[in-house]
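This report concerns only the one structure given below.
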Amino acid sequence: MNDPIGIIGVGQTPYRKRNPDRSAGELVRIAVTEALADARIELADIDFVVGGVAPDALSGIADIDKASISLPGKPYLHVNTGGATGSSALLAARTLIDAGRADVVLVVALERMGQATTAQSIFNTIFDPIYEKDFVLTTITMAALRATMLMSRHGFTGEHWAGIASRNFTQATHNPLVVGARPRTVQDVLDSPVLAWPIHLYEACPISEGACAVVLARGDLARSRETAWILGTGAYSDTYAMGDRMHRPEGSLIEMVPLRRAAEKAYREAGITEPLRQVDVLELQAPFAIIEAMAYPALGLCDLDDSRGFVERAIALDIPLTVNPSGGAQAANPVSATALVRIAEAALQVRHRAGDRQVPGARTALATGQGGATQFSTVCLLGSEAP
């Protein structure tokens with residue numbers, strides 16, 4: 001049986017809209033230096049580097065991973081799965097360790113979207129212009145389409161979406177890494193401009209830049225550190241075309257089938273049978289409120305028919321676990337790094353190093369990753385105790 005694997009070091013830059021005074025390499029260096037110091041190791045101790053970064057047109061820099069992330073003399077693997085890039089990179093690192101290719105792996109995820117003039121046009125054209133031609137689908141109208149379906153089928157209202165956003169924004173004020181975080185009331189969200197009904201400006205995630213790095217290790221090194229142990233992981237993909245999800249036998253457009261499968265796999269591996277009672281902290285990769293609402297039943301926290309009631313209890317902080325103590329992706333969404341940020345925040349929670357956003361007594365934390373139109377889904381369960 002393989003040694004248990006855990007996160008022994010975490011490093012993050014602040015997340016803001018743009019960093020005109022720092023190069024991509026400087027952002028990476030800040031996050032990596034912090035992660036290595038947290039792990040109490042040197043660069044020479046790293047066996048393998050896994051980088052998560054967007055394609056050139058989204059990052060605004062050609063060959064950004066070659067210039068900013070890879071290390072001379074170290075094997076390097078580049079991963080990209082859209083918004084799930086960071087978590088996919090971590091799962092790749094775990095696989096490398098499990099396969100005996102490395103004992104210590106540095107995972108780095110970087111987002112420089114603020115530098116790319118082409119970023120928004122790409123997000124506006126990511127869906128097939130022929131196959132999906134009946135709708136002008138963008139990342140925002142995709143969220144609006146699903147929101148209206150949830151409203152029609154399960155009785156959600158605009159106040160539900162605004163309530164989720166308000167809670168996330170307010171919690172982000174305890175996170176010093178979210179630059180410019182400010183609390184927003186439900187009415188603040190509802191009064192903000194409509195992007196695509198029923199999605200308001202303050203319900204959607206902002207453009208964010210930054211870097212996140214974590215160090216994975218096994219064996220004596222992991223056991224000698226304050227480690228966030230990996231208890232279970234899962235990753236599944238869905239169809240590219242949204243239309244293919246409308247009338248299929250297993251799960252509709254508003255049922256996140258890959259996330260459910262990923263969660264079931266992670267739960268089996270971790271021995272979790274009652275996630276609502278056994279998980280203390282949930283860090284969701286949900287750049288829109290409706291993604292958070294869809295995630296709850298997919299993660300087995302409630303039944304689909306009770307999803308509206310569960311959302312209401314989650315907004316009122318009346319559920320047994322804490323959701324997005326960092327503020328989540330609605331407060332800061334450095335797309336290629338976001339899913340790794342969720343894992344990093346979960347690791348800080350179970351290591352009791354989350355500062356003002358620490359959940360008292362947190363022992364188990366779950367982090368999700370979502371890429372594309374929730375095309376890629378990952379789940380990572382972390383714990384204070386080795387499995």
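Computed over heavy atoms, backbone and side chain alike; hydrogens, waters and symmetry mates excluded.
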Exercise. Hey, is the main chain of Cys205 close enough, under 3.5 Å, to the side chain of Gln330 for a donor-acceptor pair?
Worked result: no
For this session: Applying ring-ring contact (aromatic ring centres under 6.0 Å, His included), name anything that partners Tyr267, two or more places apart in sequence or on another chain.
Result: none
For this session: State whether the number of non-hydrogen atoms from other residues, nucleotides or ligands found under 6.0 Å of Glu312 atom CD is greater than 12.
Result: yes
For this session: Any chance you could lay out the salt bridge (charged side-chain N to carboxylate O under 4.0 Å, His left out) test for Arg261 and Asp238, step after step, and finish with the verdict?
Result: CA-CA 11 Å; Arg261 291 179 176 175; Asp238 209 333; over 6 Å; no
Exercise. Quick check: are there more than 12 heavy atoms from other residues, nucleotides or ligands sitting under 6.0 Å from CZ of Arg248?
Worked result: yes
Exercise. Quick one: does Thr141's side chain have a donor or acceptor within less than 3.5 Å of a partner on Ala144's backbone?
Worked result: no
Problem set entry | Chi angles and distances behind the salt bridge (charged side-chain N to carboxylate O under 4.0 Å, His left out) call for Arg353, Glu226 | CA-CA 10 Å; Arg353 292 190 175 187; Glu226 192 175 49; 2.6 Å; yes
Exercise. With distance as the sole test, does Glu209 use its side chain to make a donor-acceptor pair with the main-chain N or O of Arg16 at under 3.5 Å?
Worked result: no
For this session: Say whether, by atom type as modelled, one donor and one acceptor occur between the side chain of His78 and the main chain of Val53 under 3.5 angstrom.
Result: yes
Exercise. Is the number of heavy atoms from other residues, nucleotides or ligands within 6.0 Å of CZ (Arg182) greater than 12?
Worked result: no
Exercise. Is a side-chain N or O of Asp47 found less than 3.5 angstrom from the main chain of Ala102, in a donor-acceptor match?
Worked result: no
Problem set entry | Short side-chain to backbone donor-acceptor contact, Ser307 and Asp303, under 3.5 Å | no
Problem set entry | Sidechain N-carboxylate O distance under 4.0 Å for Glu250, Arg260 | yes
Exercise. More than 12 foreign heavy atoms under 6.0 Å from CZ of Arg223: is that the case here?
Worked result: yes
Problem set entry | ring-ring contact (aromatic ring centres under 6.0 Å, His included) involving Phe156 - partner list, sequence neighbours excluded | His160, Trp161
For this session: Could you tell me whether a side-chain N or O of Ser336 sits under 3.5 Å from a main-chain N or O of Gly52, the two making a donor and an acceptor?
Result: no
